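Heads up, the thing below is written out as C-alpha cells.
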Amino acid sequence: PSTKGTLNGEGMPRYVVLESDIETKSQKVRVMRDGFAVLAIGFPVPWLLFHRLWFEAILLLPFVMAISLFSGNQETMGSVLVGNLTLGLLVAMEGDGRIIAKLKRRGYREIGTVAEAQNYEEAEFHAAELMARVPLTKKKEAPKPDADADMILGLA
C-alpha cells in the first residue's frame with residue numbers, strides 16, 4: 001500500500017474514521033466508506049431504507065411517485081428512465097455521505113480519513129494506525145451545579 005495521505009487517486013474509495021464522544025456506545029471508533037454506492041442506482045429508496053436513512057427516503061418518495069405516474073404512458077418512457085436514473089445517481093453519489101452525517105448527528109466526530117486502502121479490512125488497519133497518533137477524546141463531564149443558584153432557589 002502506498003502512503004498518499006488523504007489524496008484519493010486511482011479510484012479507490014475514501015474511508016472516514018469516526019470516534020464516539022458518548023461512553024455508552026458499543027463501538028467507540030467506526031470506519032465508514034465514503035464512495036459511490038452502486039446498488040443505490042437501481043434501488044434508491046430501498047437502499048436508503050436499508051441504511052436507516054428515513055428522512056432522506058421520505059424526501060425522495062414524492063419524486064419516485066411522480067415519476068411512476070408517467071410510467072404508464074408510452075411517450076414518456078424516456079423521461080421516466082432519465083428521472084429514475086437521475087434519482088438513483090443522486091443517492092449513489094451522496095448516500096455514504098448521508099450515513100456519515102447521521103453518525104455525526106448521533107455523537108460521532110470525524111478524526112481522519114484513510115484514502116490508501118483498497119478494502120474495508122485494510123482501511124481498519126490504517127485507522128488503527130491513525131488512532132495511535134490521534135489522542136482519544138476525554139469523557140464529557142456533567143456541568144457542576146451552581147451553588148449560588150441553589151441558594152437563590154432555596155435548595156441549599
Side-chain angles (χ1 to χ4, degrees), residues 1-68 81-150 153 155:
S2 63
T3 55
K4 296 178 188 156
T6 57
L7 295 176
N8 193 0
E10 302 173 11
M12 289 191 292
R14 181 179 84 125
Y15 292 88
V16 178
V17 182
L18 300 159
E19 176 193 13
S20 175
D21 290 340
I22 303 169
E23 280 289 321
T24 59
K25 293 276 187 188
S26 59
Q27 275 187 302
K28 181 93 171 131
V29 177
R30 293 189 67 174
V31 179
M32 299 299 301
R33 183 180 185 275
D34 188 13
F36 190 79
V38 177
L39 286 176
I41 294 173
F43 310 100
V45 175
W47 189 91
L48 290 170
L49 292 174
F50 178 77
H51 291 285
R52 298 181 183 191
L53 295 170
W54 314 119
F55 182 72
E56 290 83 352
I58 289 170
L59 283 177
L60 194 65
L61 204 53
F63 294 105
V64 171
M65 291 170 60
I67 290 171
S68 69
L81 181 63
V82 169
N84 281 328
L85 186 61
T86 302
L87 289 177
L89 284 173
L90 178 70
V91 174
M93 289 188 296
E94 295 297 323
D96 287 338
R98 299 305 310 155
I99 294 171
I100 293 168
K102 177 181 78 169
L103 289 172
K104 286 180 179 180
R105 286 190 305 269
R106 290 188 175 172
Y108 283 86
R109 69 177 181 93
E110 185 175 334
I111 59 171
T113 60
V114 176
E116 60 268 7
Q118 294 186 13
N119 56 33
Y120 186 76
E121 289 78 23
E122 196 174 325
E124 283 185 327
F125 175 75
H126 289 294
E129 290 176 350
L130 178 68
M131 292 302 297
R133 293 187 301 231
V134 176
L136 294 175
T137 59
K138 296 179 183 172
K139 182 180 175 185
K140 289 185 178 180
E141 295 180 13
K144 294 179 182 174
D146 188 10
D148 293 334
D150 289 344
L153 297 174
L155 298 174

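All values reported here derive from a predicted model rather than from experimental measurement. Residues: numbered from 1 along the sequence shown.
Closest of all the heavy-atom pairs between Val31 and Tyr120 is O-CE1, 3.2 Å. In terms of heavy-atom proximity, Ile100 sits nearest to Arg33 at CD1-O, 4.2 Å. Nearest heavy-atom pair, Ile41 versus Ala92, reported as atom, atom and distance to 0.1 Å: CG1-CB, 3.7 Å. Closest approach of Pro44 and Leu60 over heavy atoms only: CB-CD2, 3.8 Å.
In this structure, the separation between CG on Leu90 and CZ on Phe63 is 9.5 Å, given to the nearest 0.5 Å. One distance of note links CG of Leu39 with NE2 of His51; it measures 8.0 Å at 0.5 Å rounding. Note: Ser20 OG to Arg30 CZ = 10.0 Å, rounded to the nearest 0.5 Å. Expressed to the nearest 0.5 Å, how far CE of Met32 lies from CG of Leu103 amounts to 5.5 Å.
Using a 4.5 Å heavy-atom threshold, the side chains of Met93 and Phe36 count as touching. Contact of the Val91 side chain with the Phe43 side chain is not registered, since no non-hydrogen atoms from C-beta on lie closer than 4.5 Å.
At distances below 3.5 Å, at least one donor-acceptor pair connects side-chain atoms of Asp96 with backbone N or O atoms of Gly35.
Among residues two or more places apart in sequence or in another chain, the side chain to side chain contact (heavy atoms under 4.5 Å, CB included) test is passed with Arg52 by Trp54, Lys102. Applying the salt bridge (charged side-chain N to carboxylate O under 4.0 Å, His left out) test to Glu110 and every residue at least two apart in sequence or in another chain returns Lys104. For Ile58, there are no side chain to side chain contact (heavy atoms under 4.5 Å, CB included) partners two or more places apart in sequence or in a different chain. Here Glu94 pairs with nothing under the side chain to side chain donor-acceptor pair (under 3.5 Å) rule; sequence neighbours left out. Taking the side chain to side chain contact (heavy atoms under 4.5 Å, CB included) definition, one finds that Ala101 meets it with Arg98, Arg105, sequence neighbours left out. Listed by chain and residue number, Val80, Asn84, Leu87 satisfy the side chain to side chain contact (heavy atoms under 4.5 Å, CB included) test with Ile67 (two or more places apart in sequence, or in another chain).
Applying the salt bridge (Lys or Arg N to Asp or Glu O under 4.0 Å) rule to pairs touching residues 39-48 yields nothing, sequence neighbours excluded.
Considering Val16, Leu48, Asp34, Leu53 in turn, Leu53 is the only one that fulfils the side chain to side chain contact (heavy atoms under 4.5 Å, CB included) rule with Ile99.
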